[in-house]
Amino acid sequence: MTRSVPPAPLLALLGTLGAGLLAGLALATGAKSCAPSLPVIPPLSSSVTLVSPTPNVLVAVKDLARLESASFHMERVIDLTDQQSLLFGLVQSEDAILLVAVANVSAGVDLQKLNASDLTVDAAKKSVKLTLPAPEVFHAELDNEKTYVHTRHTGALAMRKENLETRARQEAERSLTDAALQAGILARASDNAKRAVEGLVRGLGYEQIEVTVKGP
């Protein structure tokens with residue numbers, strides 16, 4: 001049995017090819033001094049990505065006084081699978097994603113948490129005692145230029161979960177934050193913040209400086 005092709009697309013394709021051939025023949029016969037050239041045929045299919053502009057909405061404004069004193073560059077592969085049971089448990093299928101995640105985790109001290117009791121100044125002796133707030137993780141931000149989906153597999157009977165990549169990215173941020181904490185990012189942030197504040201206070205002319213950091 002032979003399949004019939006709809007006449008409209010076939011005529012359009014033949015018309016395009018015929019126009020290209022006629023143009024090539026006209027150029028070859030009209031300019032004898034030039035070498036014959038092949039007709040230019042447009043691609044059979046093409047793809048164009050369009051980004052539609054949408055309005056920006058300012059939701060909130062928050063003033064910050066954070067001393068960011070440590071940043072860890074972390075990488076991890078997230079293997080996330082949504083296992084699905086069908087037909088009363090007789091059939092098992094899954095929707096899976098393999099995400100290569102790259103993130104920067106930063107930590108430091110929030111100077112807005114300083115109280116008046118945390119600072120003692122003796123101008124006559126040029127001495128300062130300062131207790132900084134406990135260090136904390138400020139954010140874990142995925143690097144979108146380096147984070148990518150390696151594979152995405154959906155079983156023949158499985159339902160494709162559109163939010164699976166979002167869940168994988170959330171898991172990446174959570175797990176990379178935990179990994180940074182285990183690697184000692186808070187201790188490094190505490191030491192760096194202490195040295196930075198000591199240098200700033202010494203630049204103001206104080207000689208006896210004691211800076212401590214509260215425990216996390």
Side-chain angles (χ1 to χ4, degrees), residues 51 53-81 97-150 152 162-216:
V51 179
T54 57
N56 299 318
V57 179
L58 179 61
V59 178
V61 176
K62 183 179 181 181
D63 295 328
L64 301 177
R66 291 176 172 178
L67 177 57
E68 187 173 310
S69 53
S71 178
F72 281 12
H73 184 80
M74 312 290 293
E75 298 182 5
R76 186 168 186 174
V77 176
I78 304 298
D79 188 358
L80 187 63
T81 302
I97 187 173
L98 192 66
L99 179 74
V100 179
V102 180
N104 293 314
V105 183
S106 65
V109 294
D110 189 353
L111 299 180
Q112 284 187 333
K113 296 181 180 180
L114 279 172
N115 300 318
S117 58
D118 295 330
L119 177 63
T120 303
V121 179
D122 190 338
K125 296 182 180 180
K126 295 184 178 182
S127 65
V128 173
K129 292 184 179 180
L130 177 62
T131 302
L132 295 176
E136 57 185 278
V137 174
F138 290 151
H139 60 81
E141 182 179 359
L142 290 180
D143 188 343
N144 291 322
E145 293 184 356
K146 298 180 180 179
T147 299
Y148 63 94
V149 176
H150 185 273
R152 178 68 189 268
E162 299 300 331
N163 66 338
L164 193 63
E165 182 178 349
T166 301
R167 290 165 54 190
R169 287 177 172 269
Q170 293 172 347
E171 174 62 23
E173 291 182 352
R174 186 199 64 78
S175 60
L176 290 175
T177 300
D178 292 342
L181 290 173
Q182 296 177 4
I185 189 173
L186 294 183
R188 181 176 291 271
S190 177
D191 294 339
N192 293 342
K194 180 179 177 181
R195 287 194 296 267
V197 172
E198 285 179 352
L200 291 174
V201 175
R202 196 175 302 277
L204 297 176
Y206 292 94
E207 299 176 356
Q208 301 178 15
I209 304 170
E210 181 181 347
V211 178
T212 58
V213 182
K214 295 180 181 179

| said: Could you tell me if the side chain of Thr147 sits less than 4.5 Å from the side chain of Val100, heavy atoms only? | reply: no
| Which value, rounded to the nearest 0.5 Å, describes the distance between His139 atom NE2 and Asn104 atom CG? | 8.5 Å
| Distance from Glu75 atom CD to Leu176 atom CG, nearest 0.5 Å? | 9.0 Å
| remark: Hits for side chain to side chain donor-acceptor pair (under 3.5 Å) against Thr131, two or more places apart or cross-chain, chain-then-number order -> Thr212
| request: Decide yes or no for Val197 and Leu67: does some side-chain heavy atom of the first lie under 4.5 Å from some side-chain heavy atom of the second? | output: yes
| query | Should we say atom NE2 of His73 is surrounded by more than 12 heavy atoms from elsewhere, each under 6.0 Å from it? | reply | yes
| message | Could you go through Val149 and Leu98, starting from their C-alpha distance and side-chain angles, then the distance that decides it, and tell me whether this counts as side chain to side chain contact (heavy atoms under 4.5 Å, CB included)? | response | CA-CA 6 Å; Val149 176; Leu98 192 66; over 6 Å; no
| said: As an exercise, state the distance from OG1 of Thr177 to CZ of Phe138, rounded to the nearest 0.5 Å. | reply: 13.5 Å
| Close side-chain approach of Thr120 to Val128, heavy-atom, < 4.5 Å | no
| field | From Ser69 atom OG to Lys194 atom NZ, the distance as rounded to the nearest 0.5 Å | value | 13.0 Å
| With sequence neighbours excluded, what pairs up with Asp191 under the salt bridge (charged side-chain N to carboxylate O under 4.0 Å, His left out) test? | none
| query | Distance from Arg76 atom CZ to Asp178 atom CG, nearest 0.5 Å? | reply | 8.5 Å
| field | Atom of Ala193, atom of Leu132 and distance for their closest heavy-atom approach | value | O-CD1, 4.0 Å
| Nearest atoms (heavy-atom pairs only) where Gln112 meets Ala65 | CG-CB, 3.6 Å
| Residues in side chain to side chain donor-acceptor pair (under 3.5 Å) with Glu141, at least two apart? | none
| said: Which heavy atom of Ala101 sits nearest to which heavy atom of Ala172, and what is that distance? | reply: CB-CB, 3.6 Å
Pair up each side-chain donor or acceptor in residues 199-207 with any protein partner under 3.5 Å, not counting sequence neighbours, and list the distances.
| unit_1 | atom_1 | unit_2 | atom_2 | d |
| --- | --- | --- | --- | --- |
| Arg202 | NH1 | Glu207 | O | 3.4 |

| query | Counting distance only, does the side-chain N/O of Asp143 pair as donor-acceptor with the main-chain N or O of Glu145 below 3.5 Å? | reply | yes
| query | Lys214: what forms a salt bridge (charged side-chain N to carboxylate O under 4.0 Å, His left out) with it, not counting sequence neighbours? | reply | Asp118
| task | Please report the C-alpha distance between Ser175 and Ile78 in whole Å, then the side-chain angles of each, then the deciding distance to 0.1 Å, and finally whether the side chain to side chain contact (heavy atoms under 4.5 Å, CB included) criterion is met. | result | CA-CA 9 Å; Ser175 60; Ile78 304 298; 3.8 Å; yes
| field | Which atom of Ala180 lies closest to which atom of Met74, heavy atoms considered | value | N-CE, 3.8 Å
| query | Who pairs with Glu171 by salt bridge (charged side-chain N to carboxylate O under 4.0 Å, His left out), at least two apart in sequence or on another chain? | reply | Arg174
| request: Please lay out, stage by stage, how Val105 and Glu173 fare under the test side chain to side chain contact (heavy atoms under 4.5 Å, CB included). | output: CA-CA 9 Å; Val105 183; Glu173 291 182 352; over 6 Å; no
| request: Hey, could you give me the CD/NZ distance between Gln208 and Lys125, rounded to the nearest 0.5 Å? | output: 7.5 Å
| query | Are any side-chain N or O atoms of Ser106 and backbone N or O atoms of Ser71, one a donor and one an acceptor, separated by less than 3.5 Å? | reply | no
| Does the side chain of Asp110 come within less than 4.5 Å of Pro133's, by heavy atoms? | no
| query | After noting the C-alpha distance and the side-chain angles of Glu136 and Lys113, does the key distance pass the salt bridge (Lys or Arg N to Asp or Glu O under 4.0 Å) rule? | reply | CA-CA 12 Å; Glu136 57 185 278; Lys113 296 181 180 180; 2.9 Å; yes
| message | side chain to side chain contact (heavy atoms under 4.5 Å, CB included), that's the test. Do His150 and Tyr148 meet it? Break it down for me. | response | CA-CA 6 Å; His150 185 273; Tyr148 63 94; 4.2 Å; yes
| Between Leu80 and Leu99, is any pair of side-chain heavy atoms under 4.5 Å apart? | no
| Leu114 versus Leu130: any side-chain heavy-atom pair under 4.5 Å? | yes
| said: With a 4.5 Å cut-off on side-chain heavy atoms, are Pro135 and Val213 touching? | reply: yes
| query | So do Arg169 and Leu142 actually touch side chain to side chain, heavy atoms under 4.5 Å? | reply | yes
